[in-house]
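Single-structure report; data block below.
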Amino acid sequence: SMRSISLELDSSFAGKKSNRSYNFETEPREFQDSKSAKFTEASAGERTYELCFLIKLVFTIGIGGFLFGYDTGVIAGAQLYLERDWPDITTSDIALIVSITMVGASIGALFSGAISDCIGRKPVIIFADFLFTGGSILMAYSPSITYLTVGRFIVGVAVGAASEIAPLYLSEVAPVQIRGKLVAFNNAMITFG
């Protein structure tokens with residue numbers, strides 16, 4: 001049995017009064033909320049969300065935030081082993097290896113917004129994840145300081161893209177009622193990384 005609620009609003013605009021009537025069905029229905037989570041509207045305006053969608057969203061946010069934090073902070077511990085692996089490394093080489101990630105992050109953040117407007121947010125996030133993976137592999141197996149520096153730069157581009165596009169994607173697809181919690185989770189994962 002479907003019940004209908006009628007609501008009449010008295011609105012005045014520029015001195016003109018008009019009565020408008022709106023009908024709302026009280027039986028639960030499924031909606032697609034502007035390319036975001038599917039939700040079912042229950043009684044009293046309560047919404048429940050698809051668990052599978054939320055798990056995927058939280059996983060995507062968690063990976064992006066964790067990699068951002070990890071790749072930014074991991075070099076502090078790795079500096080101790082650079083001189084052991086390459087005895088002829090100079091202080092300026094170490095400074096370049098450490099700082100090149102932020103240069104890459106600046107470039108990644110600068111261009112990722114325009115690219116995501118053309119091809120979409122999700123492909124840019126996936127591409128940034130591939131950059132994280134490729135840069136990490138290059139750093140792990142780098143035979144010289146040059147390869148290590150290039151790997152850090154590639155990871156920096158991924159950090160910049162992820163730091164801009166992941167929160168933007170989140171704000172576009174997250175259900176309104178839990179958007180703030182998911183943004184806070186992204187920040188927590190950056191700190192955790």
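Numbers for residues simply follow the sequence, beginning at 1.
- Partners of Val157 under the side-chain contact (heavy atoms from CB on, under 4.5 Å) rule, at least two apart in sequence or in another chain, are Leu131, Phe153.
- To the nearest 0.5 angstrom, Ile119 atom CD1 is 8.5 Å from Phe127 atom CZ.
- In this structure, Met102 is not a member of the same hydrophobic cluster as Leu96, with clusters built from ILVMFWY side-chain heavy atoms closer than 4.5 Å.
- For Ala174 against Leu182, the heavy-atom pair with the smallest separation is CB-CD1, 3.8 Å.
- Of all heavy-atom pairs spanning Val159 and Ala105, the tightest one is CG1-CB, 4.2 Å.
- A donor-acceptor pair under 3.5 Å is formed between the side chain of Arg179 and the backbone N or O of Ser171.
- Judged as a side-chain contact (heavy atoms from CB on, under 4.5 Å), and not counting sequence neighbours, the contacts of Ser112 are Val124, Ala161, Glu164, Ile165.
- Linking ILVMFWY residues whenever their side-chain heavy atoms come closer than 4.5 Å, directly or via other members, places Leu110 and Val103 in the same cluster.
- Evaluation of the side-chain contact (heavy atoms from CB on, under 4.5 Å) rule for Thr90 yields Ser92, Asp93 as partners, not counting sequence neighbours.
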Kindly list each side-chain donor-acceptor pair under 3.5 angstrom involving residues 74-88, sequence neighbours excluded, with atom names and distances?
none

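- Residue Ile154 holds its CD1 atom at 11.0 Å from OG1 of Thr149, rounded to the nearest 0.5 Å.
- Phe132 and Phe59 fall within the same hydrophobic cluster, defined by Ile, Leu, Val, Met, Phe, Trp and Tyr side-chain heavy atoms under 4.5 Å apart, directly or through other members.
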Tabulate below the donor-acceptor pairs under 3.5 Å that side-chain atoms of residues 184-193 make, not counting sequence neighbours, or state none.
{"residue": "Thr191", "atom": "OG1", "partner": "Asn187", "partner atom": "O", "Å": "3.2"}

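- In this structure a side-chain-to-backbone donor-acceptor pair under 3.5 Å is missing from Arg152 to Ile100.
- Through direct or indirect side-chain contacts shorter than 4.5 Å among Ile, Leu, Val, Met, Phe, Trp and Tyr, Phe130 is connected to Ile126.
- Across all their heavy atoms, Gly113 and Ser116 have their closest contact at O-OG, 2.9 Å.
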